[in-house]
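The next block holds one structure in the form of structure tokens; read it before the comments.
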Amino acid sequence: MAQFPSRSIYEQELNTMSDSVLRLGSMVNEAIENAFMAMANRDSELAQSVINGDAEINQLRFQIEELAQKILATQQPTARDLRFIIAAIHTAVELERIGDHAAGIARIALRIQATPSTDLDLSRLPKMAHRAEDMLSKAMEAFATRDVEIANKIVRRDQKLDRHYREFFTQAMAHMSDPERAEIATYMLWVAHNLERIGDRATNIAERVIFMVTGQYTEVLEEYA
């Protein structure tokens, strides 16, 4: 009879971990959106709120890891549950690092407050930001629904994000020889780099979803290379 309460607690802990990872994903996606909005609108107050909020993201990541350690130490996870726990830990780490990228964009938003406007074509940056946010949303949807098909599709969006980054990099580098435009071009290049890295980490989460469901380690990039 004693095993039933134990099993109930075990399942509750797994559900808590899943809910926490999804909540972390929502927090991080909001941080990306707010950081880019702060940069686009030169909103220092919003930028600072993103930077301050990074501590809460870090704290939740560690809470997820602590819960995972507790489950591993006190329960005997099945193979499927063990894959979920491993995937949840790695996903939380990726999300925490995406939060760092969002905070990095917010810090750039603070730095450009006093810089003049630029004739650098910035049209790719909103597209990159939207694509990065969408990739992360889809990755978290795949995690929540255990959907391998959604996870596999994320890489296609990552390839487009990489292409936008390469094109923007070429444009930004063309401004570096002009002292009056080099500073802002450098800042915008940092923003683009952070967005590109967010896409890479969303792809990493997708790979973990595939592992969680199938038990196979998959480099989804190779499938579409």
Side-chain angles (χ1 to χ4, degrees), residues 1-32 52-103 132-158 197-225:
M1 296 294 294
Q3 68 180 15
F4 293 106
S6 176
R7 184 67 188 178
S8 177
I9 292 173
Y10 172 54
E11 292 176 352
Q12 183 179 14
E13 289 174 336
L14 291 177
N15 290 335
T16 297
M17 178 178 293
S18 181
D19 291 344
S20 296
V21 172
L22 294 175
R23 180 158 61 92
L24 183 58
S26 179
M27 291 167 60
V28 169
N29 218 338
E30 183 179 5
I32 299 170
N52 294 342
D54 192 49
E56 186 178 356
I57 289 173
N58 295 343
Q59 182 180 17
L60 182 53
R61 172 250 170 125
F62 288 124
Q63 288 175 354
I64 292 169
E65 290 189 344
E66 288 174 354
L67 179 56
Q69 292 171 5
K70 177 183 176 183
I71 294 173
L72 292 173
T74 61
Q75 306 289 346
Q76 294 181 330
T78 63
R80 183 182 63 181
D81 289 344
L82 184 59
R83 291 199 305 270
F84 163 73
I85 294 168
I86 293 172
I89 293 171
H90 283 277
T91 297
V93 171
E94 294 291 351
L95 289 171
E96 186 267 334
R97 290 173 179 170
I98 291 174
D100 290 341
H101 292 305
E133 291 172 31
D134 183 67
M135 287 177 64
L136 180 56
S137 294
K138 292 296 184 184
M140 298 314 299
E141 179 184 352
F143 179 89
T145 61
R146 313 297 198 264
D147 195 318
V148 172
E149 184 177 354
I150 292 176
N152 271 312
K153 288 179 179 178
I154 290 173
V155 68
R156 300 174 186 174
R157 301 192 66 81
D158 188 45
R197 292 298 295 141
I198 289 171
D200 289 342
R201 296 195 181 282
T203 301
N204 290 344
I205 293 173
E207 292 174 356
R208 287 296 170 178
V209 170
I210 295 171
F211 161 75
M212 177 172 63
V213 175
T214 68
Q216 300 295 317
Y217 286 101
T218 305
E219 287 287 346
V220 291
L221 285 171
E222 294 178 358
E223 184 176 350
Y224 300 99

Restricting to pairs with a member in residues 18-30, which pass salt bridge (charged side-chain N to carboxylate O under 4.0 Å, His left out), not counting sequence neighbours?
-> none

Give a yes or no on whether the backbone of Gly25 and the side-chain of Asn29 come within a donor-acceptor separation of less than 3.5 Å.
-> no

Ignoring hydrogens and angles, write down the donor-acceptor pairs under 3.5 Å from the side chains of residues 85-95, residues two or more places apart or on other chains.
from  : atom 1 : to     : atom 2 : distance (Å)
Thr91 : OG1    : Ala87  : O      : 2.8
Glu94 : OE1    : Arg201 : NH1    : 3.0
Glu94 : OE2    : Asn204 : ND2    : 3.2

Hey, could you give me the CE/CD1 distance between Met140 and Ile205, rounded to the nearest 0.5 Å?
-> 6.0 Å

Here the pair of heavy atoms bringing Leu22 nearest to Ala144 is CD2-CB, 3.8 Å

With sequence neighbours excluded, residues passing side-chain hydrogen bond (donor to acceptor under 3.5 Å, both in side chains) with Arg157 | Asp134

Minimal non-hydrogen separation, Asp200 against Arg197, with atom names | OD2-NH1, 2.8 Å

Contacts of Gln63 that satisfy side chain to side chain contact (heavy atoms under 4.5 Å, CB included) - sequence neighbours left out = Gln59, Leu60

Between Glu96 and Phe62, does a side chain to side chain contact (heavy atoms under 4.5 Å, CB included) hold up when you go through it step by step?
-> CA-CA 9 Å; Glu96 186 267 334; Phe62 288 124; over 6 Å; no

Shortest non-hydrogen separation from Gln75 to Tyr10 and the atoms involved = CG-CD1, 3.5 Å

Residue pair Asp147, Val213: steps toward the side chain to side chain contact (heavy atoms under 4.5 Å, CB included) verdict | CA-CA 8 Å; Asp147 195 318; Val213 175; over 6 Å; no

Residue pairs passing the side-chain hydrogen bond (donor to acceptor under 3.5 Å, both in side chains) test with at least one member in residues 64-73, sequence neighbours excluded, are Glu13-Lys70, Arg61-Glu65

Does Leu14 offer a backbone N or O that forms a donor-acceptor pair with the side chain of Ser18 under 3.5 Å?
-> no

Is the closest basic N to carboxylate O distance between Arg97 and Asp100 below 4.0 Å?
-> no

Heavy atoms only: give me the nearest Ala132-Ile198 pair and the separation to one decimal.
-> CB-CG2, 3.9 Å

So CD1 of Ile32 and CG of Leu136: to nearest 0.5 Å the spacing works out to 5.0 Å

Stepwise side chain to side chain contact (heavy atoms under 4.5 Å, CB included) test for Met212 and Phe143 = CA-CA 9 Å; Met212 177 172 63; Phe143 179 89; 4.0 Å; yes

Separation of Ile71 CD1 from Gln76 CD (nearest 0.5 Å) = 13.5 Å

Those residues that, when tested against Thr214, pass side chain to side chain contact (heavy atoms under 4.5 Å, CB included) (two or more places apart) = Val148, Ile210, Gln216

Nearest heavy-atom contact between Ala151 and Ala142 is N-CB, 4.0 Å

Minimal non-hydrogen separation, Val28 against Gly99, with atom names = CG1-N, 3.9 Å

Can you tell if the side chain of Met17 reaches within under 4.5 Å of the side chain of Phe84, non-hydrogen atoms only?
-> yes

Report the distance from atom CD1 of Ile154 to atom NZ of Lys138, rounding to the nearest 0.5 Å.
-> 9.0 Å

